[in-house]
Protein chains: 2
Amino acid sequence: MSRNPISIEVLETLDAIDRRGSFAKAAEELNKATSAISYAVQKLEEQLDIALFQRLGRRSVLTPAGRLILAEGRDILHTTRRLADKAKEVATGWEPRISIGIESLQSYTDFFQVINGFLLDFPTVEIDISECVLNGGWEALEQGRVDLLVGSPGPVPVQKGYRSVAIDRGELVPVIAAKHELAKQVLNKQYMDSVLRQLRRVVIHDTSFSGITRSEGLSSDGQMFYVQNMDQKIYAILAGIGIGNLPKKRIQGYLDEGTFVPLDIQQKDSSEAFLAWKINNKGKGLKAITDRLIAQQSDK
Amino acid sequence: MSRNPISIEVLETLDAIDRRGSFAKAAEELNKATSAISYAVQKLEEQLDIALFQRLGRRSVLTPAGRLILAEGRDILHTTRRLADKAKEVATGWEPRISIGIESLQSYTDFFQVINGFLLDFPTVEIDISECVLNGGWEALEQGRVDLLVGSPGPVPVQKGYRSVAIDRGELVPVIAAKHELAKQVLNKQYMDSVLRQLRRVVIHDTSFSGITRSEGLSSDGQMFYVQNMDQKIYAILAGIGIGNLPKKRIQGYLDEGTFVPLDIQQKDSSEAFLAWKINNKGKGLKAITDRLIAQQSDK
DNA sequence: GATCATTGTTCTAATAATTAGAACATATTA
DNA sequence: TAATATGTTCTAATTATTAGAACAATGATC
């Protein structure tokens with residue numbers, strides 16, 4: 001007699017359908033039969049009394065209402081999962097999962113070494129890493145979508161209850177390839193902002209560590225292009241695929257010859273980056289991880 | 001096999017238990033047997049592997065973890081119910097959210113009265129207001145970042161598929177304080193444009209209405225300074241904090257004595273401002289809002 | 001302190017919901 | 001045209017949820 005026809009399960013189903021592209025693939029992912037998916041969708045449509053999919057032959061496309069439920073449903077799913085985690089943390093003092101948002105990294109190897117060490121000592125804690133771009137990190141921290149920010153550029157927002165530790169960022173420069181079709185426009189200060197929004201971000205997405213899950217990028221509008229390591233990132237940007245932060249040392253040659261053009265964003269002292277987390281986050285796992293990251297930082 | 005043990009139903013159950021004070025009363029409200037409630041709670045506790053209630057004889061008290069799930073669970077329930085409502089309205093031509101870009105307003109009170117009335121009648125439609133400055137409004141409309149422009153200066157771009165209605169703008173003059181350090185430079189027509197960009201905008205940001213969200217300003221490079229009302233705005237600009245449009249009547253004295261200097265932008269007939277939206281935007285909410293705004297306009 | 005009503009748990013059986021699998025129509029690809 | 005894949009429907013089977021009775025524990029009332 002639940003007055004509310006929307007259930008967590010059906011939201012997970014819709015999410016899987018959208019991610020995998022079809023009822024059949026979604027069924028596979030959820031370990032169910034296709035018919036179960038079909039019935040679940042039908043039931044929701046019936047109870048809401050609206051169409052969520054427009055049946056175009058064998059392929060189904062979301063209606064506007066369907067898109068709305070999908071989009072907001074994902075928020076609900078996310079909130080619900082985190083709620084379960086938080087409840088466990090309250091009960092045990094240890095969080096079952098730590099979400100880390102990475103905005104820039106000086107050394108992927110060093111960072112993942114710390115994470116790896118942590119996971120060896122505390123194998124029950126899951127680590128969930130998501131890439132943040134264009135200062136999306138601070139917002140994600142504020143909204144509780146991540147527990148820890150790594151490499152976010154200053155200034156650190158004040159009066160928000162954050163604890164922050166400056167880390168060496170190397171010298172990262174945001175660049176675009178000179179031959180990129182939008183290069184000229186993005187350098188024009190007047191249009192920069194709107195053009196920036198259209199540019200693809202090239203992001204390192206190291207998948208070689210197990211025990212670590214990945215969330216989708218936190219910046220929703222801009223598309224992302226994922227590469228495995230710094231070399232690939234340099235070449236991808238060189239090829240005009242998109243933009244991204246690169247270590248100055250590595251690309252000085254390209255900068256000199258004008259193949260790479262630096263983008264004029266983040267006027268504030270861009271050499272400073274921060275680790276940051278909420279002061280009121282008392283998770284033991286978070287403390288352990290930040291302790292290790294800071295220790296590694298000062299070792300060098 | 002659902003990895004997420006929290007369901008909408010069990011949240012409703014917890015909510016009822018807390019509101020009614022006992023499993024038995026909750027069962028009554030939900031038209032279930034007490035045993036069903038008991039099993040539902042047990043199942044959740046088992047799957048989360050934490051205790052939600054501390055059994056003190058016949059009376060059960062929530063544990064801290066239980067209180068957390070109850071509190072956040074209520075948010076989730078609320079969001080979910082609203083989502084169902086919104087989806088239904090989207091399916092019938094109502095948009096879930098209307099983004100309004102404000103470029104100038106003659107009377108904040110009148111405008112927000114209309115918005116408030118609209119929200120009372122259509123509480124499921126979200127209103128998102130962002131401040132536009134320096135003709136950023138037309139671009140935002142074109143790019144679909146706002147659905148409705150309020151108070152944007154003419155001329156209305158043609159051949160773009162916009163519908164526009166002229167509104168009385170009073171007589172607003174863009175000014176800067178004479179004592180502002182960049183006042184001299186900005187008055188030099190040659191450098192005006194680049195100097196303008198560096199100047200802070202003083203913007204009224206009325207936060208006294210609930211049910212309305214705010215986006216960041218659409219002009220990103222220039223910083224904004226937010227004030228609560230027109231009086232504060234005048235004093236802020238007077239103090240040299242930034243620039244902005246002010247009603248001529250209110251500042252005639254300052255203009256005469258030279259404390260305020262008018263900026264020479266928008267040579268076109270600046271007394272005309274417009275409501276504008278895309279013709280192909282058929283949203284019923286947008287229509288309702290524009291109808292009301294126009295009606296209010298002609299009432300005077 | 002005895003009685004009585006109320007509560008939450010457990011058991012069993014019944015009911016309702018979800019699901020798998022096969023058959024089919026339709027659409028896409030080679 | 002054949003071959004593959006998709007989504008719907010049907011039926012039967014499996015699961016999950018629920019009601020109702022019996023019970024122990026608690027608190028209230030006299």
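When reading the values below, keep in mind they use all heavy atoms of this one structure, side chains included, and skip hydrogens, waters and symmetry mates. Chain letters run A, B, ... following the sequence lines, proteins first and then strands; every chain starts at 1.
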Participant: How long is the line joining CD of A/Glu28 and C1' of D/dT6, in whole Å?
Facilitator: 13 Å
Participant: Please state how far atom CD1 in A/Ile37 lies from atom P in D/dT6, giving the value in whole angstrom units.
Facilitator: 13 Å
Participant: Salt bridge check, A/Arg82 against A/Asp128: does any charged N sit closer than 4.0 Å to a carboxylate O?
Facilitator: no
Participant: Tell me which pairs pass ring-ring contact (aromatic ring centres under 6.0 Å, His included) where either residue lies in residues 29-49 of chain A, with sequence neighbours left out.
Facilitator: none
Participant: Could you tell me whether A/Glu28 and A/Arg20 have a side-chain N and a carboxylate O separated by less than 4.0 Å?
Facilitator: no
Participant: Given salt bridge (charged side-chain N to carboxylate O under 4.0 Å, His left out), test A/Glu72 with B/Lys86 step by step and report yes or no.
Facilitator: CA-CA 10 Å; A/Glu72 298 213 16; B/Lys86 275 201 271 184; 2.6 Å; yes
Participant: Atom CD of A/Glu45 to atom P of D/dG7: distance rounded to whole Å?
Facilitator: 13 Å
Participant: Grab the CD1-P distance between B/Ile8 and C/dA17 for me, whole Å please.
Facilitator: 18 Å
Participant: Could you go through nucleotides 13-15 of chain C and list every protein N or O atom that sits under 3.5 Å from one of its N or O atoms, giving the distance for each pair?
Facilitator:
none

Participant: State whether the side chain of B/Glu142 and the backbone N or O of B/Lys160 hold a donor-acceptor pair below 3.5 Å, judged by distance alone.
Facilitator: no
Participant: Please list, chain by chain and in numerical order, all residues satisfying side-chain hydrogen bond (donor to acceptor under 3.5 Å, both in side chains) with B/Asp18, sequence neighbours excluded.
Facilitator: B/Arg74
Participant: Quick one: is D/dT8 close enough that its OP1 or OP2 comes under 4.0 Å of any side-chain N or O from A/Arg55?
Facilitator: yes
Participant: List the steps and the verdict of salt bridge (charged side-chain N to carboxylate O under 4.0 Å, His left out) for B/Glu139 and B/Arg145.
Facilitator: CA-CA 9 Å; B/Glu139 187 187 327; B/Arg145 278 180 287 140; 3.7 Å; yes
Participant: Along nucleotides 9-19 of chain D, 5' to 3', which nucleotides get a B, which get an S, and which get a -, given that the test is a protein heavy-atom distance under 4.0 Å?
Facilitator: BB------SSB
Participant: May I ask you to decide whether A/Glu45 forms a salt bridge with A/Arg55, counting only side-chain N to carboxylate O separations under 4.0 Å?
Facilitator: yes
Participant: List in chain and number order the residues that pass salt bridge (Lys or Arg N to Asp or Glu O under 4.0 Å) with B/Lys287, two or more places apart in sequence or in another chain; answer none if no residue qualifies.
Facilitator: B/Asp291
Participant: Quick one about A/Glu46 and A/Gln42 (side-chain donor to acceptor, distance below 3.5 Å, no hydrogens or angles considered), yes or no?
Facilitator: no
Participant: Through what angle, rounded to 10 degrees, does the axis of the helix from C/dG1-D/dC30 to C/dA30-D/dT1 turn between its ends, using five pairs per end?
Facilitator: 40°
Participant: In whole Å, I'd like the distance from the NZ atom of B/Lys25 to the C1' atom of C/dG8.
Facilitator: 14 Å
Participant: Rounding to an integer number of Å, can you tell me how far A/Phe23 CZ sits from C/dT26 C1'?
Facilitator: 15 Å
Participant: Find the distance between CG (B/Leu70) and CG (B/Asp75) and round it off to the nearest 0.5 Å.
Facilitator: 10.0 Å
